Amino acid sequence: MLQRPRGTADILPNEQKYWKFIHEATAKVCEKFGYKRLDTPQFESKDLFIRGVGTQTDIVQKETYTFQDKGNEELTLRAEGTAPACRAYIENGMKNLQQPVRLYYHASIFRYERPQSGRYREHHQFGIEAIGDDSPLIDCEVIQIATDVIEVLGIPNTSLFINSIGGASCCRKDYLLSLKTYYSNHLELLCNDCNNRMENNPLRLLDCKQKQCQPFLEDAPHSIDSLCQECRDHHEKLLGYLDSLQLAYIINSKLVRGLDYYNKTVFEIQPETEGSQNTIIGGGRYDGLIEQIGGQSTPGIGFGCGIERLILNLKSNNIEPPEIYEKPVVICHMGEDALNIAVPLSKKLRSNNIHTIIAPYGKSIRSQMRYASSNDSDYVVIIGEEEIKQKTYRVKDMNKSTEYDLNESDLINLILKI
RNA sequence: GUGAGUGUAGCCAAGAGGCCUAAGGCGCUAGUUUGUGGCACUAGAGAUCGAGGGUUCGAAUCCCUUCACUCACCCCA
């Protein structure tokens, strides 16, 4: 049997209410903060992700869907949202707009990973980017949007974690040095991965989950303690703004992120529930990224939010989004003559914004009524010989079980409750 | 890439070598007298028991291979 590729999903009609709810709620929050929607292509040149995300990241090393097109172009399915947004910023000359440029997106993300709960090869992210402003005020704004989104969706019991990993060209070096010095005393006791991380990505030493490495985490130096004056100011101002909002956060010195472009502020929102793939929002500042992919030096900050993970959380908290399908009026009909009336009537009803279904062809009236009932119809219109003769419509109010013989405009008024 | 678990109709499932030409439930279709639903009752359709091979007189049940799904590690949203 042909089946969908591993790690992908069909989003069935019954699931759509979750998606619509999230799409609408997130867009509304963003727009309230002056953010505007950006859509970028499903695939980009492979180079964008290599240069943007970083060669040492797992995403680039083993998770991209890369292919050659017929013109031998090396293309990669969108592996994350920030680099494409920055590419679009550069390519469309957005530096000429008022800064910061505030953008949000809803996009498919493709990563070749082994699927498990909360992780898929094609997943969907909602995200925002604020590009062209290096002030902590924008950090606060971005984080506020993240927490607002969680709030309007009604997901309870989440925690906001914040850290600063310093600037790439100022204090990060100092911190990495003290981290490496600290860990170099314990090399034999660390897991293989961590030994590799010492060379390739020392920050990641901090989120190793191997048992043997845990004892060293406790006393590992904190990045916050190595911040230079500017980064420290930035961090403290941000916390001050968050305090003024009475927004609860937890400073987490072990919070580092898996993409190379982050600097200064990094943050995540996690639910308190058990589970490993549970970060629902993750983001941070990326002041070097735009220059890295060929633009002028431009600061930026943003976050990504996993929609499937949001839905998992809505469900585990029994949050039901509003239904999206209106109850249809069903037109029951007996005979070909009736159909010649039913078809134009259905058009007329729909033109009055009434959701209308003509009952299936060639069925008994009983079957047609059953059909209407299982479609949750409030009103059923019946057209048979009698009605044709009288030039009326028999309407049944399915909730009250009462019937009326009405002309077309009275029928419409009844259904619209005018 | 590594490890563990699971694969029986659209969904949930019984079944543990012959009683399985595979139970039951949901859902689906139809009927329960004349043109009327929801409940109830009755009937029906729907399964090469994930696939391939082997053992056996006999396999959904045992063995091998393979595929898929799920969960965990890694990493991330």
Side-chain angles (χ1 to χ4, degrees), chain A residues 1-9 12 14 22 53 56-63 78-82 106-127 146 149 191-194 196-197 201 204 207-211 256-259 262 267-271 274-283 302-313 330 332-335 338 359-360 362-388 394-403:
Chain A
M1 187 177 60
L2 248 38
Q3 42 186 9
R4 60 178 187 270
R6 169 175 289 179
T8 62
L12 299 173
N14 283 340
I22 290 170
V53 179
Q56 287 309 316
T57 58
D58 279 18
I59 289 182
V60 164
Q61 286 205 333
K62 52 187 196 192
E63 296 177 1
R78 177 169 41 224
E80 61 100 43
T82 300
H106 291 277
S108 282
I109 305 288
F110 303 90
R111 289 182 201 161
Y112 187 84
E113 308 177 88
R114 285 287 288 272
Q116 65 188 72
S117 178
R119 194 176 64 196
Y120 314 94
R121 288 187 173 180
E122 180 188 19
H123 77 276
H124 299 81
Q125 285 188 19
F126 146 71
V149 160
C191 70
N192 284 340
D193 281 345
C194 280
N196 290 330
R197 289 179 177 124
N201 204 342
R204 298 223 61 97
D207 57 7
C208 184
K209 278 133 198 145
Q210 294 291 324
K211 269 205 183 77
V256 296
R257 312 223 61 250
L259 309 180
Y262 286 118
F267 66 97
E268 286 187 3
I269 293 179
Q270 294 177 11
E274 299 295 312
S276 46
Q277 310 299 326
N278 59 0
T279 295
I280 45 184
I281 290 185
F303 66 75
C305 171
I307 300 203
E308 284 84 352
R309 288 186 188 174
L310 285 179
I311 293 175
L312 250 26
N313 276 278
V330 171
C332 300
H333 44 84
M334 277 163 286
K363 304 260 186 189
S364 68
I365 191 74
R366 176 192 225 108
S367 286
Q368 295 184 58
M369 290 300 291
R370 275 190 179 151
Y371 181 86
S373 192
S374 63
N375 274 284
D376 262 335
S377 295
D378 287 325
Y379 295 100
V380 172
V381 177
I382 298 164
I383 303 169
E385 280 176 36
E386 281 296 306
E387 290 75 17
I388 294 171
R394 172 66 59 88
V395 194
K396 178 161 184 173
D397 180 322
M398 296 294 272
N399 301 310
K400 294 183 191 154
S401 261
T402 50
E403 301 191 12

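Keep in mind it's a predicted model, so treat the numbers as computed, not measured. Note that these values count all heavy atoms, side chains included, but never hydrogens, waters or copies made by symmetry.
Spacing between atom CZ of A:Arg78 and atom C1' of B:C76 amounts to 17 Å, rounded to whole angstrom units. Across the protein-nucleic acid pair, A:Ile365 atom CD1 and B:G38 atom P stand 13 Å apart, rounded to whole Å. Atom OH in A:Tyr120 sits roughly 8 Å away from atom P in B:U70 (whole-Å rounding). Atom CD1 in A:Ile383 sits about 13 Å away from atom C1' in B:G35, given to the nearest Å. Between A:Leu12 atom CG and B:C11 atom C1' there is a gap of 12 Å when expressed in whole angstrom units. The CD atom of A:Glu385 sits 13 Å away from the C1' atom of B:U34 (whole-angstrom rounding).
Across B:G31, B:G37, B:A77, the shortest atom-to-atom separation from the side chain of A:Ser373 is found for B:G37. Nearest to the side chain of A:Arg309, among B:A40, B:A77, B:G35, sits B:A77. Set against B:G35, B:A72, B:A77, the side chain of A:Thr279 has B:A77 as its closest nucleotide. Listed candidates were B:G37, B:A68, B:A77. Nearest to the side chain of A:Arg6 is B:A68. In the set B:A30, B:U36, B:A77, the nucleotide with an atom closest to the side chain of A:His123 is B:A77. Picking from B:A77, B:A30, B:G37 the nucleotide with the shortest atom distance to the side chain of A:Lys363 gives B:A30. Distance from the side chain of A:Glu113 is smallest for B:A77 among the nucleotides B:G35, B:A77, B:A30. Residue A:Ser367 has its side chain nearest to B:G31 when only B:C71, B:A77, B:G31 are considered. In this structure, of B:A72, B:G31, B:U36, it is B:U36 that holds the atom nearest to the side chain of A:Met369. In the set B:U36, B:A77, B:U29, the nucleotide with an atom closest to the side chain of A:Arg257 is B:A77.
B:C64 and B:G5: their P atoms are spaced 13 Å apart (whole Å). The separation of B:U6 from B:A14, taken at their P atoms, amounts to 13 Å, rounded to a whole angstrom. Of the P atoms belonging to B:C26 and B:U33, the separation is 23 Å, rounded to the nearest Å. If you take atom C1' in B:G38 and the same atom in B:A45, they sit 23 Å apart, rounded to whole Å. Using C1' as the reference atom, B:G37 and B:A4 are 50 Å apart when rounded to the nearest Å. Across B:U61 and B:G50, the matching P atoms stand 8 Å from one another, rounded to whole Å. Between B:G58 and B:A51, the two C1' atoms lie 22 Å apart (nearest whole Å). The C1' atoms of B:G31 and B:C49 are separated by 32 Å, rounded to the nearest whole Å.
Atom CG of A:Asp397 sits about 11.0 Å away from atom OG of A:Ser377, to the nearest 0.5 Å. Between the CD1 atom of A:Ile281 and the CG atom of A:Leu310 there is a distance of 6.5 Å, given to the nearest 0.5 Å. Of the inter-residue distances, the one linking A:Ile280 atom CD1 with A:Asn313 atom CG reads 5.0 Å to the nearest 0.5 angstrom. Summarising the geometry, atom CZ belonging to A:Arg121 is positioned 8.5 Å from atom CD belonging to A:Glu113; distances are rounded to the nearest 0.5 Å. If you take CD1 on A:Ile109 and CD on A:Glu63, they are separated by 12.0 Å, rounding to the nearest 0.5 Å. With rounding to the nearest 0.5 angstrom, the OG1 atom of A:Thr279 is 13.5 Å from the CZ atom of A:Phe303.
The base of B:U36 is paired with the side chain of A:Glu403 by a donor and an acceptor separated by under 3.5 Å. A donor N or O paired with an acceptor N or O is not found under 3.5 Å between the base of B:G1 and the side-chain atoms of A:Lys62. No donor-acceptor contact under 3.5 Å links the side chain of A:Arg4 to the base of B:C69. Taking 3.5 Å as the limit, the base of B:G38 and the side chain of A:Ser401 contain a donor-acceptor pair of atoms between them. Taking 3.5 Å as the limit, the base of B:U32 and the side chain of A:Arg366 contain a donor-acceptor pair of atoms between them.
Remark: B:G58 base-pairs with no nucleotide in the shown strands. Criterion, Watson-Crick or G-U wobble with two distances under 3.5 Å. The partner of B:G37, taking Watson-Crick or G-U wobble pairs whose two distances both stay under 3.5 Å, does not exist in any strand shown. Pairing for B:U29 is with B:A43, a Watson-Crick or G-U wobble pair whose two hydrogen-bonding atom distances lie under 3.5 Å. B:U65: Watson-Crick or G-U partner is B:A51, with both key distances under 3.5 Å. B:G3: Watson-Crick or G-U partner is B:C71, with both key distances under 3.5 Å. Remark: B:A22 base-pairs with no nucleotide; criterion is Watson-Crick or G-U wobble with both hydrogen-bond distances under 3.5 Å.
Nucleic acid contact for A:Phe126: none, since no nucleic acid atom lies under 4.0 Å from a heavy atom of the residue. A:Glu386 comes within contact range of at least one nucleobase, with a heavy-atom separation under 4.0 Å. Here A:Gln270 lies out of heavy-atom contact (under 4.0 Å) with every strand. Nucleic acid contact class of A:Thr57 (heavy atoms, under 4.0 Å, all strands): none.
The shortest distance between the side-chain N/O atoms of A:Gln116 and the OP1/OP2 oxygens of B:C73 is below 4.0 Å. Residue A:Arg114 places none of its side-chain N or O atoms closer than 4.0 Å to OP1 or OP2 of B:C71.
Looking at which nucleotide of RNA chain B each of A:Ile281 and A:Gly7 is closest to, the 5′-most match is held by A:Gly7. Nearer to the 5' terminus of RNA chain B, by closest-nucleotide assignment, is the contact made by A:Tyr112 (compared with the other of A:Leu259 and A:Tyr112).
In this structure, A:Arg78 is not positioned above the aromatic face of A:Phe110 in the sense of NZ or CZ being under 6.0 Å from the six-membered ring centre and within 45° of the axis.
A side-chain donor-acceptor contact under 3.5 Å links A:Ser374 to the backbone of A:Arg370.
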